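Before any comments, here is the structure.
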Protein chains: 2
Amino acid sequence: MGTQLLNEQTCYERLRNWIIDGTLQPNERLIELDLAARLGTGRATIRTVLARLEQEGLVVREPNRGARVRFVSPEEALEILEARTAIESLLARFAAMRARPEDIAQMRDLLAQMHACVEQGDLVSYSALNTALHRVIAEAARHRTAARLLETLGSQSVRYQYRTILAPGRPATSLAEHDAVIRAIAVHDPDAAEQAMRAHLSGVCETLRRLKQGH
Amino acid sequence: MGTQLLNEQTCYERLRNWIIDGTLQPNERLIELDLAARLGTGRATIRTVLARLEQEGLVVREPNRGARVRFVSPEEALEILEARTAIESLLARFAAMRARPEDIAQMRDLLAQMHACVEQGDLVSYSALNTALHRVIAEAARHRTAARLLETLGSQSVRYQYRTILAPGRPATSLAEHDAVIRAIAVHDPDAAEQAMRAHLSGVCETLRRLKQGH
DNA sequence: GTCTACAAGATTGTTAACAATCCTCCTACA
DNA sequence: TGTAGGAGGATTGTTAACAATCTTGTAGAC
């Protein structure tokens with residue numbers, strides 16, 4: 001597998017993934033020549049990619065001092081989650097208005113799998129399914145502006161997403177909350193869906209706040 | 001005033017302003033050499049600035065075909081307003097929790113000026129004051145994540161912000177709604193503040209929907 | 001032993017030139 | 001008359017070299 005020549009968009013996606021999956025760690029310096037060599041492209045491309053990632057909140061650049069992976073503090077992670085609550089509640093509302101039968105079937109399928117995971121104590125798969133479910137809801141809402149905001153918020157806080165589900169009693173609660181959200185969407189009740197999603201994510205916020213206190 | 005040499009940040013801000021204030025019109029092509037000459041910098045700088053503005057939603061770039069000012073359709077403007085509603089409600093909630101006496105005084109001052117504008121029928125000044133008031137509320141919330149989202153949303157939809165206030169009966173209603181928001185913030189009632197802000201912006205959304213139907 | 005000054009290396013910022021691509025307009029041909 | 005093809009110009013994409021800035025390590029003064 002030789003090093004291919006990559007265009008800007010591909011470089012952007014790869015670098016973004018490296019930051020999100022932790023290949024590049026928070027506060028790690030991003031040296032242009034380094035990245036250019038690793039991605040098989042020139043410095044100019046890396047430069048514009050870094051600018052984009054800064055605008056997206058994944059990277060910090062300082063004049064004459066280069067770029068580094070942005071470190072998101074626990075306080076910031078909470079802020080991000082609060083903002084997500086606002087956006088996802090909106091998306092749940094629209095999903096209740098615009099979801100098609102296929103969308104709802106997919107949600108129920110994922111929910112059933114999540115149920116199985118909790119019974120088996122497989123919290124890693126549960127987290128993945130949870131992310132997938134939220135994505136399906138976002139897509140069912142057919143609201144690109146909100147979906148876009150959510151995606152950038154999500155990418156900034158991936159490192160904190162596994163924490164809350166580990167709190168004692170959380171899995172069962174979380175499952176019930178998701179159930180309420182999907183039931184409201186299935187009967188096309190926007191108010192109930194928004195309310196249920198807000199309740200769900202407020203619960204997550206609260207858990208995260210308590211976790212922060214503990215440590 | 002000779003052409004100064006400008007660094008990236010300055011170029012970014014200037015170009016951004018040109019787009020927001022309409023100096024550069026929607027769908028207008030952004031030619032790198034052109035902008036470089038106008039801003040007194042090189043193509044490389046312009047290139048990264050355009051990448052940032054694309055990520056911010058103010059510019060669209062197509063490979064090998066350059067960049068243009070993004071045209072925001074009325075449908076999208078509505079989506080943006082809906083997202084703003086979610087974010088600003090959150091900010092109102094936090095403003096109610098964290099506003100200091102100075103913040104509240106500033107809000108009341110702006111509200112009084114808005115009152116005067118409505119009486120004199122000066123809707124242009126009213127719009128400006130309206131923007132300023134929302135900004136003060138956002139700052140009083142001390143929630144940088146939400147504030148940042150709001151700023152990018154706002155910049156995308158400036159072209160539509162003057163429309164709704166022109167609807168018959170809107171100024172008086174708008175004034176009353178702002179009054180309710182600020183009263184809730186002043187007595188530090190987060191639920192009421194969030195609710196009042198949501199009601200206010202939902203009203204704006206509704207007006208915009210009706211305006212769209214009309215035309 | 002600690003601090004300052006300075007030199008060397010590393011990294012970013014800027015410029016210019018070249019290559020690749022796209023767009024426009026003109027011509028030739030059916 | 002209308003359409004395919006191609007030449008030329010305009011614009012973007014890429015590369016390399018150079019300039020400016022920062023960082024690091026070392027030597028010398030106190």
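Everything quoted here is computed from the prediction, not taken from an experiment. Both backbone and side-chain heavy atoms feed into the values below; hydrogens, waters and symmetry mates do not. Letters go in sequence order (proteins before strands), and every chain restarts at 1.
- The distance between atom CZ of R47(B) and atom P of dT14(D), rounded to the nearest whole Å, is 7 Å.
- Comparing R43(A) and R61(B) by the nucleotide of DNA chain D that holds the closest heavy atom to each, the one mapping nearer the 5' end is R61(B).
- One can place CG of L50(B) at 14 Å from C1' of dG13(D), the figure rounded to the nearest angstrom.
- For the atom pair Q106(B) CD and L133(B) CG, the distance stands at 9.5 Å (nearest 0.5 Å).
- Side-chain contact of E13(B) with Q9(B): a donor-acceptor pair under 3.5 Å is present, judged by distance alone.
- Summarising the geometry, the separation between CZ on R68(B) and P on dT12(D) is reported as 11 Å, rounded to the nearest angstrom.
- Under the rule for a ring pair (Phe, Tyr, Trp, His ring centres under 6.0 Å), the partners of H143(A) that lie at least two apart in sequence or sit in another chain are F94(A).
- R209(A) CZ: more than 12 foreign heavy atoms inside a 6.0 Å radius.
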- Using the side-chain hydrogen bond (donor to acceptor under 3.5 Å, both in side chains) rule, take T10(B) and N7(B) through it: C-alpha gap first, then chi angles, then the decisive distance, then the call. CA-CA 6 Å; T10(B) 316; N7(B) 61 357; 2.3 Å; yes
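- At whole-Å resolution of the value, CD1 in I46(B) and C1' in dT15(C) are 14 Å apart.
- Atom CG in N7(B) sits about 12 Å away from atom P in dT21(D), given to the nearest Å.
- The OG atom of S202(A) lies 11.0 Å from the CE atom of M197(A); values are rounded to the nearest 0.5 Å.
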Each nucleotide N or O in nucleotides 7-11 of chain C that has a protein N or O under 3.5 Å away: list the pair and distance.
none

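- To the nearest angstrom, P of dT14(C) lies 8 Å from CD of E8(B).
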